[in-house]
Amino acid sequence: MSKISGKETKPEILVRKFLFSHGFRYRKNVKKLPGKPDIVLSKYKSVIFVNGCFWHGHSCKAAKLPNTRREFWETKIGNNIERDKNNYTELSNLGWKVIVIWQCELKNKELRQNRLFNLIQQIKE
Ligand SMILES: [Zn+2]
């Protein structure tokens with residue numbers, strides 16, 4: 001089983017490399033946009049967030065909250081979810097297409113290939 005860890009396999013880098021090799025040009029971590037999107041494709045008016053499942057409260061197994069300090073985590077992750085939602089709404093209002101990629105969608109080769117090819121469709125549609 002392969003794990004995503006360390007610099008080389010960082011999920012954002014994976015996605016950026018894939019996009020670059022398919023001819024997409026992007027800016028990264030654009031501070032002036034709400035939520036500082038990981039990848040910004042101005043030509044397609046699209047922004048991409050590569051979200052860690054735990055911190056952004058995904059509905060998958062990887063995002064399961066710890067049993068200790070339950071209330072603390074619920075509040076913390078709940079706030080993150082709320083903030084993400086507001087950022088996505090703001091971006092949409094500014095005319096951006098918001099695409100979210102979850103870390104669990106990249107965790108093995110098969111999932112990753114599917115997700116990344118879908119990503120191209122999402123960007124171009
Ligand atoms: Zn997930």
Side-chain angles (χ1 to χ4, degrees):
M1 209 167 79
S2 68
K3 255 196 200 164
I4 294 175
S5 60
K7 252 192 212 156
E8 293 310 308
T9 53
K10 261 189 101 183
E12 298 100 283
I13 296 174
L14 247 162
V15 176
R16 282 180 193 137
K17 277 188 177 163
F18 175 84
L19 289 173
F20 193 85
S21 71
H22 284 78
F24 292 93
R25 296 299 174 261
Y26 51 79
R27 287 177 298 149
K28 41 185 185 176
N29 306 121
V30 178
K31 289 196 188 87
K32 62 172 186 182
L33 288 176
K36 211 173 108 187
D38 296 311
I39 299 167
V40 176
L41 297 144
S42 303
K43 189 177 160 189
Y44 296 93
K45 230 14 186 142
S46 297
V47 297
I48 302 170
F49 290 91
V50 184
N51 284 349
C53 295
F54 182 76
W55 291 106
H56 294 271
H58 195 208
S59 55
C60 72
K61 263 200 306 201
K64 201 172 171 288
L65 294 176
N67 285 324
T68 49
R69 302 176 76 205
R70 184 92 194 176
E71 211 170 303
F72 167 81
W73 288 112
E74 268 170 9
T75 307
K76 177 143 186 88
I77 303 298
N79 288 341
N80 290 348
I81 292 172
E82 195 60 34
R83 200 179 49 213
D84 285 343
K85 227 186 271 173
N86 291 338
N87 286 332
Y88 302 160
T89 303
E90 260 187 79
L91 284 161
S92 296
N93 291 342
L94 292 167
W96 292 92
K97 186 197 300 182
V98 179
I99 300 169
V100 176
I101 297 178
W102 293 100
Q103 211 160 16
C104 65
E105 298 178 305
L106 304 172
K107 73 180 175 189
N108 67 45
K109 202 176 166 195
E110 205 187 330
L111 288 172
R112 193 153 62 225
Q113 277 173 350
N114 284 335
R115 184 59 186 104
L116 293 178
F117 280 102
N118 285 341
L119 174 64
I120 292 185
Q121 303 303 318
Q122 279 183 294
I123 293 168
K124 289 186 169 171
E125 81 194 1

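First listed ligand is number 1; within each ligand, the first listed atom is number 1. Numbering starts at 1 and runs along the sequence shown.
Contact between V100 and E105 at its shortest, heavy atoms only, is O-OE1, 4.1 Å.
Residues forming a side chain to side chain donor-acceptor pair (under 3.5 Å) with E74 (at least two apart in sequence, or on another chain): R70. In this structure, the side-chain contact (heavy atoms from CB on, under 4.5 Å) partners of I81, at least two apart in sequence or on a different chain, are I77, K85. By the ring-ring contact (aromatic ring centres under 6.0 Å, His included) test, W102 is found to be paired with H58, residues two or more places apart in sequence or in another chain being considered.
A donor atom on one side chain and an acceptor atom on the other are not found under 3.5 Å apart for N80 and H56.
The distance cut-off of 2.8 Å around the Zn ion (ligand 1) captures these protein N, O or S atoms, sorted by chain and number: C53 SG, H58 ND1, C60 SG, C104 SG.
For F24 and F18, the ring centers are positioned 6.0 Å apart or more.
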